[in-house]
Amino acid sequence: MPILLRSEYIGCQDISLPRLEKTAVALMRFCGQIDSELSILLTSDAGIQALNSQYRHKDKATNVLSFPLQDGEPANGVMLGDVVISVDTAAREAKERGRPLRCHINRLLIHGLLHLMGMDHERSGEEATAMSDKERELLQNLQLHERKNEMPILAINVDHVATLRQARGIDEPDPVLAAGICELAGASGIVAHLREDRRHMQDRDIRLLRQTIKTKLNLEMGAAEEIINIALDIHPDMVTLVPEKRQELTTEGGLDVSSQIDKLGRVIERMNNEKIPVSLFIDPDPKQITAALTVKATFVELHTGRYCDAKEAEERNREFDLIAAAAEQAYSQGLRVNAGHGLNYQTTQRVAALDTIEELSIGHAVMARAIMVGMDQAVREMLKLVTGK
Ligand code: PXP
């Protein structure tokens with residue numbers, strides 16, 4: 001994915017070119033242009049005015065110009081064209097809007113890149129809306145990506161609060177209240193698995209979680225029609241598709257995506273039509289990552305169970321290496337990467353240190369500790385291992 005980045009702007013000290021190049025690489029990945037090339041030129045008002053006049057017959061400076069080399073939406077693996085940004089105009093606009101210059105240049109780069117991807121807000125009102133929606137999505141992805149480079153996020157699975165409630169068949173403890181405490185303790189998301197057999201989470205829990213969660217609700221689910229319809233109705237922030245067997249104690253292995261391309265592809269399409277991103281819970285296996293890309297998943301969640309369950313150091317190291325390699329493969333191919341299952345206070349830190357992993361989903365270990373020390377403390381202790389803070 002070569003980025004040809006040049007600056008003919010004098011006084012570019014406020015802009016880190018290596019950082020801008022990294023941003024461009026991430027944006028290309030988000031656009032599915034992993035193997036394409038992009039040229040970026042930073043110039044002055046005078047420089048952009050000359051290009052605007054020569055190629056568009058508009059003799060004035062502007063903030064960004066795009067010169068596509070392809071017609072329509074380009075395939076992956078081509079030269080997309082040039083994005084030219086005037087640092088003079090960008091600096092003025094950044095000041096007016098009260099944002100750092102770097103952030104404004106990122107926005108201009110996104111705008112220019114989308115023009116190279118065949119989008120054009122000037123063609124119609126509909127296209128203007130589609131382009132501004134896509135700009136917002138890329139910006140959010142970029143912000144998450146940059147945050148991810150600093151630290152992973154901790155999402156707490158509250159299923160087992162419901163397990164305890166269901167053991168008595170009464171109405172406490174309440175997983176909805178537990179989710180609120182987890183958020184107050186610093187969790188960045190809540191995960192809940194609505195199983196077909198309703199062994200822990202109930203429909204009422206999921207609906208109330210949707211209404212009360214202030215961070216992000218990740219609904220874990222099997223790809224069963226009944227549950228799909230509930231997800232489409234309550235609209236979680238994301239769903240994680242898992243294999244589900246009636247007899248298992250907990251989710252026992254990753255999805256075999258490669259043998260269910262059509263089925264999972266259809267589920268993901270239905271979710272994406274409702275703007276619900278989908279994560280696929282998979283074993284750290286290159287074949288499953290390729291299949292996840294084929295079915296257009298947004299995330300994969302790498303199964304950490306075998307790493308956590310390993311009894312000997314050698315086996316644990318081997319399992320960890322598989323996770324690290326799979327995370328690298330998935331990340332470099334444009335998937336966002338989460339991980340989870342079986343992570344505890346001994347095994348989490350090593351996985352959290354992988355800079356390709358965005359979010360960890362942890363349930364049982366935190367709930368087990370919460371019984372002893374309280375939910376707030378159990379979450380905070382895990383958060384410290386995940387973020388180092
Ligand atoms: N991720 C997935 C896909 C799961 O199925 C589970 C278990 O519900 C978890 C993460 C959390 O696992 P644990 O409860 O072992 O932390």
Measuring from Arg380:CZ to Arg369:CZ, what's the distance to the nearest 0.5 Å?
15.0 Å
Any side-chain heavy atom of Met117 sitting closer than 4.5 Å to one from Pro74?
yes
Going by atom types alone, do Ser361 and Asn157 pair a side-chain donor with an acceptor below 3.5 Å?
no
Side-chain donor-acceptor contact under 3.5 Å, Asp82 with Ser39
yes
Sidechain N-carboxylate O distance under 4.0 Å for Lys214, Glu183:
no
Testing the basics here: between Ser36 and Ala75, what is the closest heavy-atom pair and its distance to 0.1 Å?
OG-O, 3.8 Å
When you compare the side chain of Gln260 with that of Val295, does any pair of heavy atoms fall below 4.5 Å?
no
Residue pair Ser279 / Glu301, side-chain donor-acceptor N/O under 3.5 Å
no
Side-chain donor-acceptor pair under 3.5 Å between Arg350 and Asn317, yes or no?
yes
Side chains of Leu20 and Leu109, heavy atoms from C-beta outward: is any pair under 4.5 Å?
yes
With the 4.5 Å side-chain cut-off for hydrophobic clustering, are Val158 and Met221 part of the same group?
yes
Take Asp133 and Lys275, measure what salt bridge (Lys or Arg N to Asp or Glu O under 4.0 Å) needs, and give me the verdict at the end.
CA-CA 11 Å; Asp133 284 351; Lys275 300 208 165 11; 5.2 Å; no
Decide whether Val64 and Leu51 are clustered together by the hydrophobic rule: side chain heavy atoms of Ile, Leu, Val, Met, Phe, Trp, Tyr closer than 4.5 Å, transitively.
no
Tell me whether the NZ or CZ atom of Arg56 lies within the 45° cone about the ring axis of Phe67 and under 6.0 Å from its centre.
no
Student check: side-chain heavy atoms of Ile289 and Ile282 closer than 4.5 Å
yes
For the residue pair Phe281 and His303, categorise the inter-ring angle as parallel (less than 30°), tilted (30 to 60°) or perpendicular (more than 60°).
tilted
Is it true that Asp159 and Arg195 make a salt bridge, defined as a side-chain N closer than 4.0 Å to a carboxylate O?
no
Please determine whether a side-chain nitrogen of the Lys or Arg among Glu381 and Lys384 lies less than 4.0 Å from a carboxylate oxygen of the Asp or Glu.
no
The reported gap from CG in Asp256 to CD in Gln288 (rounded to nearest 0.5 angstrom) is 4.5 Å
SB check Asp45 Lys60 (cutoff 4.0 Å)
no
Can you tell me how the ring of Tyr307 sits relative to the ring of Phe320, calling it parallel under 30°, perpendicular over 60° and tilted otherwise?
tilted
Below 4.0 angstrom, N of the basic side chain to O of the carboxylate: do Asp174 and Arg204 qualify?
yes
Any salt bridge linking Lys216 with Glu359? Criterion: basic side-chain nitrogen under 4.0 Å from a carboxylate oxygen.
yes
Please tell me whether Glu8 and Thr43 have a donor and an acceptor in their side chains that are separated by less than 3.5 angstrom.
yes
With under 30° as parallel and over 60° as perpendicular, where do the rings of His200 and His160 fit, or are they tilted in between?
perpendicular
Do Lys287 and Asp285 meet the salt-bridge criterion of a basic N to acidic O distance under 4.0 Å?
no
